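Fair warning: this is a prediction, and the values are worked out from it, not measured in the lab.
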Amino acid sequence: MTTQTEQFTVRRPAPDAQASLPGEHPMSPQPLQLPLSLPLPPAGHFINGSFVPGSTRLLIDVVDPATEAVIASVQAGTADDVDAAVAAAVVAQKTWGATTPKERADVLNLIANIIEENRADFEAIESANTGKPQAVAEDDVSSTIDTFRFMAGASRTLTSMAGGDYATGHTSVILREPVGVVGVITPWNYPLLMAAWKIAPILAAGNSIVIKPSEQTPLSTLKLVEVLAGRIPDGILNVVTGRGRTVGQRLSEHPDIALVALTGSVVSGQAVAETAAKSVKRVHLELGGKAPVVVFSDADLRAAAAGVRNAGFWNAGQDCGAACRVLVHESVAEEFTSHLVREVSTLVIGAPDAGDDVEIGPMISLPHFERVKEALAEARAAGLTVAIGGSALEGPGYFIEPTVITDVPAGAHIATHEIFGPVVTVETFSTTEEAVTRANESPYGLSASVWTRDSSLSLRIPKQLDFGTVWVNAHLVLACEVPWGGFKGSGYGRDLSLYALDDYSRTKHVMINHGA
C-alpha cells in the first residue's frame, strides 16, 4: 500500500496483524500467535550454554513499532537470574581467560561465520523488532560480522611495554590480563550491532559476559546465543532479559562483576556509574550525542546537504552520531537549506517489508514517539520555522516525517539536547570562532563534522572541537580499525579498534629480583 502525504511518499504493507498493548504481565498458558515467517528465538534467559526459565512467571511484550503488534514476549529477569548468570560466567572465565589469543580468535571467527550462515534470520528479526528498513538491517548484520572478524585478528596483535631491567638488579615484565566478568547493557537502536561492539572485544580480551539487551529489542541478541549454543564454550556469554531497574541495577552492583559496559542514555549511564562506584568497579559508557555539522561558506553545499540527508536520517535519526545539528555560514545558509530540503523531500517512509526503497522506519516505541512529537510541538511553540516535515503520520506504527527546522537561535533547547528522531535543525554563524563556540556548547561530545574545501580549516577546526570523532567532508563513516567514543556527557571508554581491547583488559607489572 502506498500513500502520499503533502511532502513524502509513505509505504505500508497491507494490515495483517492486530495491534496489542505491550506491557509486563504474568505468563499466559496460551502461546502468542506469532508471524510464521519470523524465526524467533526461545524466550528464556541464556545461562551456561542453554535457555532456562526465569525465576518468576512475569513476561515483557516485544512490539513491532511499524505495526504496533506484539510479536513475542520475553522473561522479566530478576536479581536472582542475574546471580545465576554471573555464577556461570565466573566459572567459565577461569578457563576462557587462560586460553591463548589464537584460541580466542578462532572462537570469534566461528561466531562471525555462524552469523553469516544465519544472516537472513538476523535481518528479519532486526527489522521486525526495530522497524529498520531492509538496507539498515543488512548493514547492521554485515557490520556485526566485520566486528567479530576484526576483533579476532586484533586479539592476536596486542603489544605492551617491552620487558627489561628498569631498576638495577630487577627485570620487569608487563602482562595483559582479562578483567574477569563483564556486565553489558545494550540499547534498542542497534540491538545486534551494539551487542557485537561489546561482546567481540570483551571475549577477545579473555573475559566472560552477562548481557542485558534492551527489553524493547531483545530478540536478535537471543537469536545470537541460540545459534551459538553448543558451538562456543558454555558460560562465556550469558543473556538475562528484563528491565534496567532490576537486571541493569544488579549487574551494576554485583560484587563478582569487574566492569560494566553500557551503551545508552546519559541518565542510564549516570545510574550505572553511581551504582558501580560503590564497589569501585570499572565502567565503560557510550552515551548520547548531538552532532554538529559545521558548514563553511566555501563548502560543497550539495555534497553537505546530501551528507546530512544520509547521516541525519539513517535509522530514522535514532543514532547517537546522527548529523542532526547543522551550523552553516550565514552567507550560504539559504542556498544550503534549499539543497537540504530538496534532499530530505526524496526520503521514503514506511514499514520494512513495504518495499526496498523504504529509508525511514518508525520510532522504536510509543513513549519515544510521543517524546519526539513533544519536541516538535515545542519547536513550533517557540516560533521556529519547519521547512519540511514536522508531523507524525497516522497509524498504525510510530512514524514521524523527516523534519528540517530552520532559523534556530543560539542556545535553543532543540539544538542542544538529543531528540533521537528524524529531526535536523539549522543554525547560522558569522565567524569561525563563533562556529567553534556554538558547536562546543552542547553538553554532549560524541561526534561532529566539518565541511570545507579549505585545507587549513580542515586541519585546524577538528582540533578545536570537543568531540571524540570529527569527520571532514563526511559524517557517520565508521570502521572497526578506528575508535568510537565521546567526551563530556557522551561518556568515556572506546568501542571498536585496539582501544576497546585496552578498555577490557588490565595490565600487571611483574618485577623479578636477580639476587633473590
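- Between Ser252 and Val260, the shortest heavy-atom contact is CA-CG2, 3.9 Å.
- The line from CD1 of Ile111 to CD1 of Ile145 is 12.0 Å long, rounded to the nearest 0.5 Å.
- Between Met363 and Pro65, the shortest heavy-atom distance links the atoms O-CB, 3.2 Å.
- Contact of the Phe46 side chain with the Thr241 side chain is not registered, since no non-hydrogen atoms from C-beta on lie closer than 4.5 Å.
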Candidate pair Arg309 and Glu359, rule salt bridge (charged side-chain N to carboxylate O under 4.0 Å, His left out), full reasoning: CA-CA 11 Å; Arg309 179 199 191 278; Glu359 298 170 90; 2.8 Å; yes

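- Shown here for Gly312 and Val424, the closest heavy-atom pair between the two residues is CA-CG2, 4.3 Å.
- Distance alone, capped at 3.5 Å, places no donor-acceptor pair between the Asp64 side chain and the Gly131 backbone.
- Under the 3.5 Å distance criterion, the side-chain polar atoms of Asp454 are matched with a main-chain donor or acceptor of Leu457.
- Using a distance-only test at 3.5 Å, with no hydrogens or angles considered, no donor-acceptor pair links the side chain of Asp106 to the main chain of Glu103.
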side-chain contact (heavy atoms from CB on, under 4.5 Å) assessment of Asp353 paired with Val358: CA-CA 9 Å; Asp353 57 351; Val358 170; over 6 Å; no

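- Judged purely by atom type and a 3.5 angstrom limit, Lys212 has no side-chain atom pairing as donor or acceptor with the backbone of Thr246.
- Not one N or O on the side chain of Asn207 forms a donor-acceptor pair closer than 3.5 Å with the backbone of Pro178.
- Side chains of Pro41 and Ile125 form a contact here, defined as non-hydrogen atoms less than 4.5 Å apart.
- Neither side chain, Asp139 nor Ser142, offers a donor N or O lying under 3.5 Å from an acceptor on the other.
- In this structure, Asn473 contributes its side chain and Thr452 its backbone to a donor-acceptor pair below 3.5 Å.
- Closest approach of Ser442 to Lys290, counting heavy atoms only: OG-CB, 3.8 Å.
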Intermediate values then yes/no, side-chain contact (heavy atoms from CB on, under 4.5 Å), Asn310 and Leu476: CA-CA 9 Å; Asn310 294 330; Leu476 211 58; over 6 Å; no

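- With a 4.5 Å cut-off on side-chain heavy atoms, Arg176 and Asp502 count as touching.
- In plain terms, the two heavy atoms of His475 and Ala322 that are nearest each other are NE2-C, 3.9 Å.
- Side-chain contact between Phe148 and Leu110: absent, with no pair of heavy atoms (C-beta onward) separated by less than 4.5 Å.
- A 4.5 Å side-chain heavy-atom check between Asp61 and Ser73 finds at least one atom pair inside the cut-off.
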Worked check of side-chain contact (heavy atoms from CB on, under 4.5 Å) between Asp81 and Gln75: CA-CA 10 Å; Asp81 297 322; Gln75 298 283 331; 6.0 Å; no

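- Looking at Arg494, its side chain never comes within 3.5 Å of a backbone N or O of Gly468 through a donor-acceptor pair.
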Check against salt bridge (charged side-chain N to carboxylate O under 4.0 Å, His left out), Glu441 and Arg325: CA-CA 12 Å; Glu441 70 186 0; Arg325 182 191 175 203; 2.9 Å; yes

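- Between the OG atom in Ser155 and the CG atom in Leu203 there is a gap of 10.5 Å [rounded to 0.5 Å].
- Among all heavy-atom pairs drawn from Glu343 and Ala306, the shortest one is OE2-CB, 3.7 Å.
- Note that the CZ atom of Phe122 and the CZ atom of Arg119 stand 10.5 Å from one another [nearest 0.5 Å].
- Listed for the Gln318 side chain is a donor-acceptor partner under 3.5 Å among the backbone atoms of Ile364.
- To the nearest 0.5 angstrom, Leu192 atom CG is 11.0 Å from Asn129 atom CG.
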Evaluation steps, side-chain hydrogen bond (donor to acceptor under 3.5 Å, both in side chains), between Asp140 and Ser143: CA-CA 5 Å; Asp140 284 4; Ser143 297; 5.9 Å; no

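- The cationic atom of Lys132 (NZ for Lys, CZ for Arg) lies less than 6.0 Å from the six-membered ring centre of Tyr190 and within 45° of the ring axis.
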Candidate pair Asp495 and Thr263, rule side-chain contact (heavy atoms from CB on, under 4.5 Å), full reasoning: CA-CA 10 Å; Asp495 290 318; Thr263 296; 4.2 Å; yes

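- Side-chain atoms of Lys281 come within 3.5 Å of backbone atoms of His254 as a donor-acceptor pair (strictly under, hydrogens ignored).
- Around OH of Tyr492, the count of heavy atoms belonging to other residues, nucleotides or ligands within 6.0 Å exceeds 12.
- With Leu219 as the partner, the side-chain contact (heavy atoms from CB on, under 4.5 Å) test is satisfied by one option alone out of Thr130, Leu224, Val62: Val62.
- Put simply, CG on Leu40 and NZ on Lys223 are 8.0 Å apart, with the number rounded to the nearest 0.5 Å.
- Using a 4.5 Å cut-off on side-chain heavy atoms (C-beta onward), Leu465 and Phe467 make contact.
- The shortest side-chain heavy-atom distance between Phe420 and His368 falls under the 4.5 Å cut-off.
- One finds the CZ atom of Phe51 at 11.0 Å from the NE2 atom of His45 (value rounded to the nearest 0.5 Å).
- The number of heavy-atom neighbours closer than 6.0 Å to CZ of Arg460, taken from other residues, nucleotides and ligands shown, is above 12.
- Listed for the Arg250 side chain is no donor-acceptor partner under 3.5 Å among the backbone atoms of Asp83.
- Side-chain contact between Leu287 and Cys320: absent, with no pair of heavy atoms (C-beta onward) separated by less than 4.5 Å.
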